[in-house]
Amino acid sequence: MKPLYELKNVYYQYPDGTIALDNINMKIYEGEVVAIIGPNGAGKTTLLKILDALEFPKKGEVYFEGKKLEERLLNDIEFMKYFRKKVGFIFQDPDTMLFSPTVWDDVAFAPLHLYDKDTAIKVTEKVINEMNLNHIKDKHPYNISGGEKKKSSIAAVLSITPDVILMDEPTSYLDPKSRNYIINLIKDLKSKNKTIVFVSHDPNLITLADRCYILNKKIIAEGTPKEIFSNVEILEENNLDVPEITKLFKLLLDDKDLISKINIDNLPITVDEAYNILKDLLKSKT
């Protein structure tokens, strides 16, 4: 299977000389969910911007559907329209994405540039309804809650019906109800075979990924979320949070009196995973 994205020896340096990304090699396939985790300043947002062709590497190459992403290609009007409709980017701070007088206007902005007016209105109303934003669609974006802003910014991206969705910390600064909404939304997008690449520190979100990368300017590790979070040492070395439930099972497995009684391949990340392990363990003892 050919990758949707392929990054070869990507290197990026900020204007002040700080290295953001160094020798990044990565493949992303159509329909998969990929999580990028790493400490602050690891280059995660820069990587997403490169995937969205908002930035270009100083060295190395980035390919999308076999075509090399570079400024010359993005200056081609036809490709630019195709790419911008194919790939959507949800920024961490929704205030950077909401600039119109009302939520409705923000969601309608892209459709009005892509379709005729009647079609654009239908598309906008459909997304507004699907995202349950009818009660705020006439409000100014700065007069709604943080969770509503996040949902509105997501709706603005989904209004172009992208096949690829890039998300920078989609659950940050949200209350539990809003976080659960975003998690369920990503599950729904995944079921529709959307390609999703997100940056996050939220274990509940990361468990949705097919693959996970630890990024700290370089790629430190790659694997399934369970494989990554089972490596507590590498998480701690890179200043990453280890879920409390993972710490608990690590302690249990390190206890010589218990290690022979608990047989698991990977440490649990969430309470649900821990519950299933303990349930199977208790069943085996009855």
Side-chain angles (χ1 to χ4, degrees), residues 28-39 44 90 130-132 147 150-151 154 165 167-216 219-286:
I28 297 168
Y29 294 90
E30 185 177 349
E32 75 171 341
V33 179
V34 176
I36 311 294
I37 64 174
K44 303 184 299 297
I90 299 167
E130 289 176 348
M131 296 289 292
N132 298 315
K150 182 73 81 171
K151 289 172 66 177
I154 292 173
I165 304 166
M167 298 181 170
D168 193 358
E169 297 284 3
T171 59
S172 63
Y173 310 118
L174 297 182
D175 59 42
K177 183 178 180 181
S178 296
R179 284 200 302 271
N180 287 334
Y181 181 89
I182 299 300
I183 288 170
N184 289 329
L185 174 65
I186 292 176
K187 287 179 180 179
D188 181 59
L189 293 171
K190 183 177 182 179
S191 72
K192 294 175 180 175
N193 203 41
K194 300 291 186 180
T195 304
I196 303 170
V197 183
F198 64 79
V199 166
S200 181
H201 293 94
D202 185 344
N204 292 305
L205 190 61
I206 294 168
T207 57
L208 302 180
D210 299 302
R211 290 189 297 123
C212 183
Y213 287 92
I214 295 180
L215 180 69
N216 194 355
I219 292 176
I220 306 300
E222 175 194 358
T224 65
K226 283 188 178 183
E227 289 169 344
I228 292 294
F229 278 93
S230 288
N231 195 334
V232 173
E233 291 77 13
I234 202 168
L235 293 172
E236 292 176 340
E237 286 172 5
N238 288 276
N239 297 320
L240 294 171
D241 286 334
V242 180
E244 293 299 319
I245 200 70
T246 305
K247 291 179 183 177
L248 171 62
F249 270 73
K250 181 71 164 57
L251 289 172
L252 292 173
L253 291 172
D254 287 343
D255 189 318
K256 297 187 183 301
D257 292 329
L258 291 171
I259 193 168
S260 62
K261 300 177 183 178
I262 301 177
N263 183 22
I264 57 176
D265 294 325
N266 295 301
L267 297 171
I269 305 173
T270 64
V271 171
D272 286 343
E273 290 179 355
Y275 168 75
N276 288 328
I277 290 171
L278 292 174
K279 182 174 68 173
D280 290 343
L281 179 65
L282 291 172
K283 281 183 178 178
S284 69
K285 301 302 179 184
T286 58

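None of these values were measured; they are calculated from a predicted model.
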Minimum side-chain heavy-atom gap [X]-[Y] below 4.5 Å:
{"X": "Glu236", "Y": "Val242", "answer": "yes"}
{"X": "Ile214", "Y": "Ile234", "answer": "yes"}
{"X": "Cys212", "Y": "Ile37", "answer": "yes"}
{"X": "Asn184", "Y": "Asp188", "answer": "no"}
{"X": "Asp210", "Y": "Val34", "answer": "no"}
{"X": "His201", "Y": "Lys44", "answer": "yes"}
{"X": "Glu273", "Y": "Lys226", "answer": "yes"}
{"X": "Phe198", "Y": "Ile165", "answer": "no"}

Which heavy atom of [X] sits nearest a heavy atom of [Y], and at what distance?
{"X": "Ile245", "Y": "Ile269", "answer": "CG2-O, 3.1 Å"}
{"X": "Glu222", "Y": "Tyr213", "answer": "OE2-OH, 3.5 Å"}
{"X": "Ser200", "Y": "Glu169", "answer": "CA-OE1, 3.5 Å"}
{"X": "Tyr181", "Y": "Met131", "answer": "OH-CA, 3.4 Å"}

Atom [atom1] in [X], atom [atom2] in [Y]: separation rounded to 0.5 Å?
{"X": "Leu205", "Y": "Ile183", "atom1": "CG", "atom2": "CD1", "value": "5.5 Å"}
{"X": "Glu30", "Y": "Lys194", "atom1": "CD", "atom2": "NZ", "value": "10.5 Å"}
{"X": "Ile36", "Y": "Ile28", "atom1": "CD1", "atom2": "CD1", "value": "6.0 Å"}
{"X": "Lys151", "Y": "Leu185", "atom1": "NZ", "atom2": "CG", "value": "9.5 Å"}
{"X": "Ile196", "Y": "Leu208", "atom1": "CD1", "atom2": "CG", "value": "8.5 Å"}
{"X": "Glu32", "Y": "Asn193", "atom1": "CD", "atom2": "CG", "value": "10.5 Å"}

_side chain to side chain contact (heavy atoms under 4.5 Å, CB included) between Lys247 and Val232, intermediate numbers included_ = CA-CA 8 Å; Lys247 291 179 183 177; Val232 173; 5.9 Å; no

Hey, is the main chain of [Y] close enough, under 3.5 Å, to the side chain of [X] for a donor-acceptor pair?
{"X": "Arg179", "Y": "Leu174", "answer": "yes"}
{"X": "Thr246", "Y": "Pro268", "answer": "yes"}
{"X": "Asn276", "Y": "Asp272", "answer": "yes"}
{"X": "Asp202", "Y": "Asn204", "answer": "yes"}
{"X": "Thr224", "Y": "Arg211", "answer": "no"}

*Can you list the steps and then say if Val271 with Glu244 is a side chain to side chain contact (heavy atoms under 4.5 Å, CB included)?*
CA-CA 9 Å; Val271 171; Glu244 293 299 319; over 6 Å; no

_Within 6.0 angstrom of Asn231 CG, more than 12 heavy atoms from elsewhere_ = yes

